[in-house]
Number of protein chains: 2
Amino acid sequence: MADGERELSERKKQILKAIVDAHIEGGGPVGSKAILQAGGMNCSSATIRNEMAELEEMGYLEQPHASAGRVPSELGYRFYVDSLIEHYAMTTHEIAQINNLLRAKMGELDQILSAASHLASNLTNYTGIAIQPRTGAVNIAKFEGIYLEPSHFILVAVASNGAVKTKHIHTDFKVLPESVSRLAESLNAMLAGLSAERITLPIIMELETRMGADSGMIGPVMKVVYDLLSELDAGAVQVAGIDHLLQYPEYSDTAQFRELLGALEKKDDILDLVSTTGGEGDINVLIGSESRVKVMNNSALVFKPIVKDGQTLGAIGVLGPRRMDYAKVLATLEGLSGNIENLILPNKQLHNGGESDG
Amino acid sequence: MADGERELSERKKQILKAIVDAHIEGGGPVGSKAILQAGGMNCSSATIRNEMAELEEMGYLEQPHASAGRVPSELGYRFYVDSLIEHYAMTTHEIAQINNLLRAKMGELDQILSAASHLASNLTNYTGIAIQPRTGAVNIAKFEGIYLEPSHFILVAVASNGAVKTKHIHTDFKVLPESVSRLAESLNAMLAGLSAERITLPIIMELETRMGADSGMIGPVMKVVYDLLSELDAGAVQVAGIDHLLQYPEYSDTAQFRELLGALEKKDDILDLVSTTGGEGDINVLIGSESRVKVMNNSALVFKPIVKDGQTLGAIGVLGPRRMDYAKVLATLEGLSGNIENLILPNKQLHNGGESDG
DNA sequence: TGTTAGCACTCATAACCGTCGAGTGCTAAC
DNA sequence: GTTAGCACTCGACGGTTATGAGTGCTAACA
């Protein structure tokens with residue numbers, strides 16, 4: 001057995017591929033006869049049965065019960081994805097849909113990712129996921145204040161990764177437009193580039209000094225700054241098209257599907273998964289228990305990080321049954337991420353159109 | 001029959017209420033004996049059976065099959081909600097959870113609504129919904145520009161309803177910080193308060209004139225302004241805790257649940273429903289087919305608009321099976337909306353704490 | 001040594017069928 | 001108008017059987 005596993009014969013590969021393909025298509029166990037009918041084999045069903053028995057012994061196949069056909073095991077899918085998969089050629093219509101991302105009105109990364117996840121879901125008929133990971137190293141690159149009326153203004157924070165957040169601030173006392181501008185200047189001078197941990201008491205005291213008569217603003221403002229920093233590296237997960245999953249019988253177990261839904265809502269598991277798995281921009285394929293999330297043992301998660309200047313800004317992914325159409329999913333995510341990374345190209349680089357994002 | 005429907009006898013009401021209560025609790029049809037055991041009746045099961053037969057004839061009850069108990073009809077629920085419902089007294093723990101909304105860090109309305117929908121879901125064990133309706137009458141009250149680097153700045157728009165949106169803008173040519181400030185000033189002078197339809201070519205021409213040498217900015221900027229306006233009155237629906245629904249047997253039909261999920265993702269139906277049903281700030285209860293959305297015929301939707309200064313800023317709601325615990329849901333939504341409306345009180349009014357939202 | 005035909009065997013699925021029991025409607029007595 | 005009693009209905013449950021897909025094994029064959 002040990003050296004039998006060294007390599008699979010061509011015929012074994014062919015049979016394994018046929019089984020995975022048929023199972024992805026149909027969902028049920030596939031038998032020797034079905035493989036024969038699929039074509040491409042020039043031997044009898046008995047021979048195929050022998051090969052299948054060996055493939056099962058090697059761990060690539062499983063048998064639900066004695067008189068059923070074979071189903072790919074996790075190892076079988078893994079081998080399929082690594083070695084057997086065929087390039088999926090997208091239809092012109094699919095390419096057109098993806099390209100429309102470019103033309104569409106959009107600016108901020110979260111909107112792009114959200115649109116991409118919807119598209120991923122619709123193109124693949126699985127669930128699309130847009131992820132903005134917790135970075136842990138976010139800071140605010142620039143502050144701005146917008147005066148609205150006495151005792152009411154807005155604080156705008158532009159994060160180092162380009163994200164922008166705003167907060168309304170109400171005060172008990174009147175605040176003049178000049179004070180708001182001065183506040184923004186002071187925050188830029190003292191806090192720009194600092195993470196929450198590096199904002200110390202002396203810095204806050206200096207801020208109060210700078211604001212002089214308006215030092216009463218600093219208290220509420222610091223709370224808002226803290227909230228902004230927290231929100232900026234909280235990470236985010238957006239899910240699109242969960243309803244698609246229910247068309248696959250593997251999700252007909254209500255209780256199990258409910259747990260999956262819960263995990264998708266909590267977002268923690270997904271965020272952890274993506275941040276711990278991230279292979280510097282490559283597509284990741286997590287089949288079944290390869291993701292350490294129990295509730296996803298019957299599912300597969302494929303995701304592609306979106307990287308700019310070596311920084312992982314987000315990821316788009318697809319969640320579906322283990323027997324998902326990996327070829328199509330991989331092609332779709334490649335296509336989408338290529339478009340997204342074009343959208344957020346290094347700022348100064350070739351720019352033909354009007355606006356885009358950063 | 002016609003005059004028999006004039007009014008329900010006290011005993012009929014009592015029986016109807018007992019049936020609805022028991023059905024909400026248990027989910028199955030309820031029989032005459034069960035009502036007897038629930039207590040409060042001083043007659044025999046035979047009498048109750050007679051009354052039930054009459055209630056069925058009047059349309060308040062339905063019988064799944066000949067030898068089953070009775071189930072409330074839509075009319076039955078309606079009567080229950082309108083006339084029979086008992087005030088639900090929230091536990092101190094529930095009240096505490098809601099009050100924590102106040103203390104929690106938060107600023108923007110969408111965050112408040114989102115948190116409220118999560119809370120609604122967790123407190124009731126149904127699905128929570130946060131809605132920001134399309135208003136159709138949004139305009140931008142104030143613009144601000146934030147210069148980041150040559151040929152890259154941010155446009156901030158503060159909408160008339162307090163919402164804030166930002167967009168990155170990249171240009172083909174260098175833009176100086178002064179140009180960005182001037183742009184904001186010009187936009188404020190020319191566009192503040194205007195809806196998209198009222199932004200005419202002469203106005204745009206005047207903007208170009210004002211920007212002088214930087215008039216090249218106007219093209220891309222106008223596209224962004226249009227996007228901002230579109231996004232601001234696009235409306236939004238956030239859903240929390242869909243997984244809760246799967247604990248109720250009425251959602252065990254996968255295909256049906258899938259359609260419901262789809263409707264919740266599309267958001268259009270929900271937005272339409274809320275905007276067409278809105279009864280000036282009162283709680284709305286839509287039972288089964290009362291909402292015109294087919295896929296919700298086996299569900300009930302309860303929602304409460306959030307109103308400030310006569311303007312409907314949003315709504316929070318709960319979606320669940322028709323046999324939902326209306327008493328608890330109504331109390332929860334009242335509690336939540338009370339808290340939310342406190343959070344967004346008219347700006348200048350009593351303000352004890354630091355910041356909040358507007 | 002690898003391939004193939006034939007055949008007995010296994011096991012999930014579906015259909016069928018009787019039993020059980022909850023709950024009713026009806027009737028007759030109070 | 002209320003109640004006890006009783007026959008009746010009908011879904012739920014559990015066991016049995018028939019079906020058929022697909023296997024493993026054996027023996028013959030190239």
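Every chain is numbered from 1 and lettered A, B, ... according to where its sequence line falls, protein lines coming before strand lines. Just so it is clear, the structure is predicted and the values come from calculations on it, not from any experiment.
- Counting to the nearest Å, the P atom of D:dT23 and the CD atom of A:Glu57 are 16 Å from each other.
- Defined by atom type and a distance below 3.5 Å, a donor-acceptor pair is present between the side-chain atoms of A:Glu94 and A:Tyr88.
- Among the heavy atoms of the strands lying under 4.0 Å from B:Ser32 are primed sugar atoms or P, OP1, OP2 only; no base atom is included.
- Residue B:Glu54 contributes atom CD, which lies 10 Å from atom P of D:dT2 at whole-angstrom precision.
- A:Leu36 places its CG atom 15 Å from the C1' atom of D:dT23, with the value rounded to the nearest Å.
- Across all their heavy atoms, B:Glu265 and A:Val239 have their closest contact at OE2-O, 4.2 Å.
- Residue B:Thr254 holds its OG1 atom at 9.5 Å from CG of A:Asp253, rounded to the nearest 0.5 Å.
- Within the 4.5 Å cutoff, the side chain of B:Ile131 has no heavy atoms near those of the B:Ile316 side chain.
- Nucleotide D:dT3 holds its P atom 10 Å from the CE atom of B:Met41, rounded to whole Å.
- Contact of A:Ser67 with C:dT10 (side chain to base): a donor-acceptor pair of N or O atoms is detected under 3.5 Å.
- Taking the six-membered ring where tryptophan is involved, the planes of A:Tyr77 and A:His23 are tilted, since the angle between them lies from 30° to 60°.
- Pairing for C:dC30 goes to D:dG1, judged as Watson-Crick or G-U wobble with the two contacts each under 3.5 Å.
- With C:dC11, D:dG24, C:dT3 as the candidates, the nucleotide lying closest to the side chain of A:Thr47 is C:dT3.
- Counting atom types as modelled, A:Arg70 pairs no side-chain N or O with a base atom of D:dG24 as donor and acceptor under 3.5 Å.
- Base pairing of C:dG18: its partner is D:dC13, meeting the Watson-Crick or G-U wobble criterion (both donor-acceptor distances under 3.5 Å).
- The CD1-C1' distance, from B:Ile35 to C:dA22, rounds to 14 Å in whole Å.
- Rounded to whole angstrom, the span from the CG atom of A:Asn50 across to the P atom of C:dT3 amounts to 9 Å.
- Closest contact between the side chain of A:Arg49 and the listed nucleotides D:dT3, C:dG6, C:dC11 involves C:dG6.
- Between A:Met52 atom CE and C:dT3 atom C1' there is a gap of 15 Å when expressed in whole angstrom units.
- Mapping B:Ala46 and B:Ala66 onto DNA chain D by nearest heavy atom places B:Ala46 closer to the 5' end of the strand.
- A:Leu55 places its CG atom 12 Å from the P atom of D:dG24, with the value rounded to the nearest Å.
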